[in-house]
Amino acid sequence: MVDTSFATYFRERLLNWAAEIERPMPWKGEKDPYLIWLSEIILQQTRVEQGMPYFENFKRDYPTVQALAEAPEDEVMKLWQGLGYYSRARNLHAAAKIVSSTYEGKFPADHRQLLSLPGVGPYTAAAIASFAFALPYAVVDGNVFRILSRVLGIDTPVDTTAGKKEFARIAQELLDQEDPARYNQAIMDFGALKCVPRNPDCERCPLADRCIALRDGLIDLLPVKEKKLVRKDRYFQYFILQWKDQVVIRKRTAKDIWRKLYEFPLIETTGIEFGGWAQSDLWRELGLKEAGELKRTAGPFRQQLTHQRIVAVFREIELAGPPSELPEDYLVVDRKNLAKFAFPKLIDCYLRDNSLNLF
DNA sequence: AAAGCGGGGTA
DNA sequence: TACCCAGCTTT
């Protein structure tokens with residue numbers, strides 16, 4: 001249980017601080033639940049500056065949830081291109097369809113129903129409930145974990161079930177019931193501007209006089225995370241199979257990175273041994289008797305993802321004519337239409353480098 | 001409970 | 001390089 005007098009102190013200092021600062025954002029003070037939801041999905045694990053242009057683009061192309069629901073999935077993926085965590089785009093589209101049909105285009109003013117939408121978890125449900133409907137649900141995001149663990153000196157790992165539960169309970173107790181939206185906005189602004197991950201501004205912190213971590217010299221040790229990142233290396237060889245102005249691409253459908261984005265035919269190897277590709281099964285699957293004539297190899301390109309390091313080369317190959325077999329998910333497109341498809345950053349970089357003069 | 005999922009900013 | 005960001009879903 002959080003001490004009542006501490007809760008009062010915390011709220012008051014936080015709200016007073018927030019009243020003094022400015023942090024303009026396109027969705028701040030927004031009342032349309034659709035736009036609030038849209039901004040929250042975009043901002044999941046994404047810094048505000050990075051998400052801002054995407055919010056504007058989605059708002060422009062899909063002014064209403066119905067417009068988004070009616071859009072083709074590939075179009076939504078294309079607009080999301082470059083933002084990462086593409087399941088967000090897929091869930092965004094799916095949720096738009098649900099709201100459009102089941103809820104007649106209106107987001108439910110109910111925390112539990114919000115939580116049931118695909119892509120809406122505890123944080124996002126609380127954000128929509130408070131910002132759109134003034135309901136008393138405290139947001140718990142990375143900022144909140146950091147602030148509460150420091151001020152209260154809690155070393156329970158935040159990336160465990162017990163940690164999530166404990167911090168959620170405390171956050172809910174601290175919430176200002178009078179104006180949940182203002183409070184939620186304030187605590188996230190505070191985490192983003194004042195109680196930042198490294199070198200926080202403790203000298204001018206309104207909570208410094210009661211901050212346990214500051215008193216005990218634990219600022220750099222909190223919050224505690226238990227799991228450490230494991231990173232794996234992957235080696236991709238992409239084949240740009242061309243004849244005239246036609247090129248083969250395919251949609252990624254497996255449960256893997258970049259699902260529902262497009263790429264070129266791919267051979268993945270377990271190591272840097274990039275030879276032997278001419279004998280790959282890929283050519284047989286495409287109904288090609290031989291690998292074709294290699295015109296150029298570009299790369300290696302590297303991309304660092306959170307959990308994977310990708311090393312990729314791009315081999316440009318001239319075919320005499322179209323492949324006789326195109327497996328499911330493969331398609332032939334005109335070179336000038338490539339820009340209509342959503343590609344991972346890695347491939348987008350390659351395409352830009354070559355400014356579409358593939359040969 | 002643990003793993004998987006992007007891309008970019010910062011120290 | 002390592003960590004973090006207005007986290008969620010699947011296994």
Side-chain angles (χ1 to χ4, degrees), chain A residues 23 25-28 30 36-55 77 80-92 94-95 114-131 137-147 157-165 167-168 171 181 184-193 195-200 220-232 234 252 254-261 302-310 342-349:
Chain A
R23 197 184 177 213
M25 291 178 279
W27 47 83
K28 232 178 196 177
E30 179 60 58
I36 292 169
W37 164 73
L38 176 62
S39 71
E40 295 302 341
I41 302 297
I42 287 173
L43 291 174
Q44 288 168 5
Q45 291 291 283
T46 303
R47 66 190 61 242
V48 167
E49 305 76 55
Q50 191 187 358
M52 206 120 52
Y54 286 84
F55 175 77
M77 298 306 290
W80 197 273
Q81 174 180 308
L83 194 55
Y85 282 155
Y86 296 92
S87 67
R88 291 184 294 169
R90 302 191 299 264
N91 288 331
L92 184 83
L114 290 168
L115 201 50
S116 75
L117 292 171
V120 176
Y123 163 77
T124 307
I128 302 171
S130 63
F131 293 140
Y137 292 89
V139 294
V140 184
D141 70 337
N143 294 305
V144 175
F145 282 128
R146 191 166 57 249
I147 296 163
V158 297
D159 55 349
T160 59
T161 305
K164 288 183 179 72
K165 220 175 135 183
F167 284 99
N184 278 338
Q185 187 60 58
I187 197 167
M188 289 193 286
D189 285 341
F190 188 78
L193 300 179
C195 194
V196 295
R198 287 205 271 185
N199 305 322
D220 293 336
L221 301 178
L222 295 173
V224 173
K225 289 195 179 175
E226 198 168 65
K227 301 169 183 65
K228 63 167 186 253
L229 194 62
V230 245
R231 196 168 275 142
K232 85 174 169 184
R234 297 177 75 174
R252 290 180 67 91
K255 288 186 176 177
D256 193 0
I257 54 172
W258 305 328
R259 188 150 74 97
K260 297 214 178 183
L261 269 61
R302 293 168 182 282
Q303 185 173 15
Q304 181 74 64
L305 307 183
T306 303
H307 308 274
Q308 305 186 15
R309 254 191 315 249
I310 315 278
F343 293 105
K345 182 78 179 166
L346 180 72
I347 291 178
D348 198 50
C349 283

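The chains referred to below are lettered A, B, ... by the order of the sequence lines, with proteins before strands, and numbering in each begins at 1.
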Practice item. Counting heavy atoms from C-beta on, name the nucleotide in C:dC5, B:dG7, C:dA2 closest to the side chain of A:P197. Key: C:dC5
Practice item. Name the nucleic acid region contacted by A:I42, choosing base, sugar-phosphate or nothing; use a 4.0 angstrom heavy-atom cut-off, strictly under. Key: nothing
Review point. How does protein reach along nucleotides 6-11 of chain C, written 5' to 3' as B (base within reach of a heavy atom under 4.0 Å), S (only sugar-phosphate), or - (no contact)?
Key: BBSSSS
Exercise for review: Please work out which residues in residues 157-165 of chain A have a non-hydrogen atom less than 4.0 Å from an atom of DNA chain C and list them by number.
Suggested key: none
Check your understanding: Sub-3.5 Å donor-acceptor pair from the side chain of A:R259 to the main-chain atoms of A:R90, do we have one?
Key -> no
Practice item. Name the orientation class of the two ring planes belonging to A:F55 and A:W27 (parallel below 30°, tilted from 30 to 60°, perpendicular beyond 60°). Key: perpendicular
Point to revise | Whole-Å gap separating P (B:dG9) and CG (A:L83) | key: 12 Å
Review point. Would you say the side-chain atoms of A:D159 pair up with the backbone N or O of A:K225, donor to acceptor, closer than 3.5 Å?
Key: no
**Study point:** A:G191 backbone acceptor or donor facing A:R146 side chain under 3.5 Å
**Key:** yes
Check your understanding: Starting at the 5' end of DNA chain B, which residue's closest nucleotide do you reach first, A:I257 or A:N199?
Key -> A:I257
Practice item. Please round to the nearest 0.5 Å and tell me the distance separating atom CG of A:D189 and atom CG of A:N184. Key: 11.0 Å
Review point. Do other residues, nucleotides or ligands put more than 12 heavy atoms under 6.0 Å from A:R23 CZ?
Key: yes
Check your understanding: Given atom OH of A:Y86 and atom C1' of B:dG4, what is their separation to the nearest angstrom?
Key -> 16 Å
Exercise for review: Quick one: pull up CG in A:L43 and OH in A:Y123 and give me the separation to the nearest 0.5 Å.
Suggested key: 7.0 Å
Study note, to complete from the structure: Whole-Å distance, A:R231 CZ to C:dT1 P, equals 8 Å
Check your understanding: Counting only N and O atoms by type, is there a donor-acceptor contact under 3.5 Å from the side chain of A:R88 to the main-chain atoms of A:Q44?
Key -> yes
Check your understanding: With a 4.0 Å cut-off on heavy atoms, is A:D256 in touch with a base, just the backbone sugar-phosphate, or nothing at all?
Key -> sugar-phosphate
Check your understanding: For the pair made of CD in A:Q304 and P in B:dC5, what is the distance, rounded to whole Å?
Key -> 14 Å
**Study point:** Sugar-phosphate only, base, or nothing, as touched by A:Q303 at under 4.0 Å among non-hydrogen atoms
**Key:** sugar-phosphate
Check your understanding: Taking atom C1' in both B:dA3 and C:dA6, what distance in whole Å separates the two?
Key -> 23 Å
Check your understanding: In whole Å, what is the span from the CZ atom of A:R90 to the C1' atom of B:dG4?
Key -> 11 Å
Point to revise | With sequence neighbours excluded, residues passing side chain to side chain contact (heavy atoms under 4.5 Å, CB included) with A:I147 | key: A:F10, A:V151, A:I187, A:F190, A:C195
Study note, to complete from the structure: A:K260 NZ to B:dG6 C1', in whole Å, measures 18 Å
Practice item. Please state how far atom CE in A:M77 lies from atom C1' in B:dG7, giving the value in whole angstrom units. Key: 14 Å
Check your understanding: For B:dG7, does either OP1 or OP2 sit under 4.0 Å from a side-chain N or O belonging to A:W258?
Key -> yes
Check your understanding: When you look at NZ of A:K165, are more than 12 heavy atoms from neighbouring residues, nucleotides or ligands closer to it than 6.0 Å?
Key -> no
Review point. How far, in whole Å, is B:dG6 from C:dT11 if one measures between their P atoms?
Key: 15 Å
Exercise for review: Give the rounded distance in Å between these two atoms: CD of A:Q308 and C1' of B:dG4.
Suggested key: 8 Å
